[in-house]
2 protein chains.
Amino acid sequence: MDDTPACCPPVDGTAMSTARAAEVAALLKALADPVRLRLVSLIASTGTGEACVCDLNEAFELTQATVSHHLKVLQTAGVLEREKRGVWAYYRVRPEALAAVADVFSSPALAGVRA
Amino acid sequence: MDDTPACCPPVDGTAMSTARAAEVAALLKALADPVRLRLVSLIASTGTGEACVCDLNEAFELTQATVSHHLKVLQTAGVLEREKRGVWAYYRVRPEALAAVADVFSSPALAGVRA
DNA sequence: GCATCGTATCGACGCATGTCGATGTCCCGG
DNA sequence: CCGGGACATCGACATGCGTCGATACGATGC
C-alpha cells in the first residue's frame, strides 16, 4: 500500500475547460439575481409563454428603468427574446437557455459524482 | 368579445416567490464565476470526489489567497464542504446543491413552458 | 401636429466583489 | 522547542453591478 501522506492525486482531464466555464458563468451571472429570476419565472408562468413589460413593471417595487435594465441583461444573455407588437413590448423565455443550465448541473461530471 | 388591445393578461400565482428567488439567486451567485465553476468541476471530476487545496492552487494562475477565498464562498453557499486531514484541507462537492440548481431549471414552471 | 403613453437609454451614485500582498494560525518534523 | 509548510484571514484597491431620476424615442389618439 501507499501510506505516504501525499495530498495530490492528479486531476484528470474530465473537468470543465476554462472557455466553457466562462460561457456558463456568463449565463449564470444573468440569472443570479432575485429580480431577474422572478422576471423569468413570471414570464414563463403565463399561459401564453410571454408577458408584456407593463405587467412586469407592476410586479416589482422598482423603477421602470430598472426593470427594463434587467430585461435587457436577460435578453443579452440569451435567456429572453423581445418582440414589439403595436405599442407594447413582449418578452418570451428561450427554453434552450434554461435547459443549458439544467444540463450543466445534471451532467455526470458534476452532479453525478455520487451516482 | 373583448377586442380592446389590452396588453395585460393577468399573472397567475405559479411564479416563483420573492423569498425563493432570493434563495436560488444566492446559490447561483456563488456559482456564477468562471473560477468557482472550474473549482467545482475539478473537485467533482476527481476519482475520489474530493480534492486538496494544493491541487486546486496549481490549476489556476491565481494567488493562493484568491483560490482560498473562492473556496470559502462556495462553502458558505453550501456547494462545497471542507474537511481537514492532517496538514491538508480537502474539499468535497455537495451534490444536493447542484441538484437543486438542476431542479429549478428543469421545473415545468420554467423550462417546461414549451413542453 | 401635438400631447400622451409605453418603453428604452443615459449618467450618476453607492455598494458588492475579485484580486492581491502581507500576516496569522495550525500542524508536523527534527 | 523551534522552524517550516499548508491554508486561512485581513486590509486595500479597482472594477462591476443594481438602482435611480431624467431624458430620448416611437407609436397612438385627438
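Quick note on labels: first sequence line is chain A, next is B, and so on, each numbered from 1. Reckoned from all heavy atoms, side chains included, excluding hydrogens, waters and symmetry mates.
Here the side chain of Thr63(B) pairs no donor or acceptor atom with the backbone of Thr66(B) at under 3.5 angstrom. A donor-acceptor pair under 3.5 Å links the side-chain atoms of Ser45(B) to the main chain of Ser41(B), judged by distance alone. Here the side chain of Thr46(A) pairs a donor or acceptor atom with the backbone of Gly49(A) at under 3.5 angstrom. Side-chain atoms of Ser106(A) come within 3.5 Å of backbone N or O of Ala102(A) as a donor-acceptor pair.
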Check: protein-nucleotides 20-22 of chain D nitrogen or oxygen pairs below 3.5 Å:
| residue | atom | partner | partner atom | Å |
| --- | --- | --- | --- | --- |
| dC20(D) | OP2 | Thr63(A) | N | 3.0 |
| dC20(D) | OP2 | Thr63(A) | OG1 | 3.1 |
| dC20(D) | OP2 | Thr66(A) | OG1 | 3.0 |
| dC20(D) | O5' | Thr63(A) | OG1 | 3.1 |

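Here dC27(C) presents its C1' atom at 11 Å from CH2 of Trp88(B), a figure rounded to the nearest Å.
Contacts between residues 70-87 of chain B and DNA chain D, defined by a heavy-atom separation below 4.0 Å, involve Lys72(B), Arg82(B), Val87(B), listed by number. The stretch residues 25-35 of chain B touches DNA chain C through Lys29(B), Asp33(B), each having a heavy atom under 4.0 angstrom from the strand.
Picking from dC7(D), dG18(D), dT7(C) the nucleotide with the shortest atom distance to the side chain of Arg36(A) gives dG18(D).
In this structure, the side chain to side chain contact (heavy atoms under 4.5 Å, CB included) partners of Thr18(B), at least two apart in sequence or on a different chain, are Arg38(A). With sequence neighbours left out, the side chain to side chain contact (heavy atoms under 4.5 Å, CB included) criterion links Asn57(B) to Val53(B), Gln64(B), Val67(B).
Within the 4.5 Å cutoff, the side chain of Val79(B) has no heavy atoms near those of the Val73(B) side chain. Counting heavy atoms from C-beta on, the side chains of Leu80(B) and Arg94(B) never come closer than 4.5 Å. Proximity of Leu98(B) to Val40(B): side-chain heavy atoms (C-beta onward) are separated by under 4.5 Å at one or more points.
Residue pairs meeting the side chain to side chain donor-acceptor pair (under 3.5 Å) criterion with at least one member in residues 71-87 of chain A, sequence neighbours excluded: Glu50(A)-Arg85(A), Glu81(A)-Arg92(A), Glu83(A)-Arg85(A), Glu83(A)-Arg92(A).
Note on Tyr91(A): a side-chain N or O is less than 4.0 Å away from OP1 or OP2 of dA8(C).
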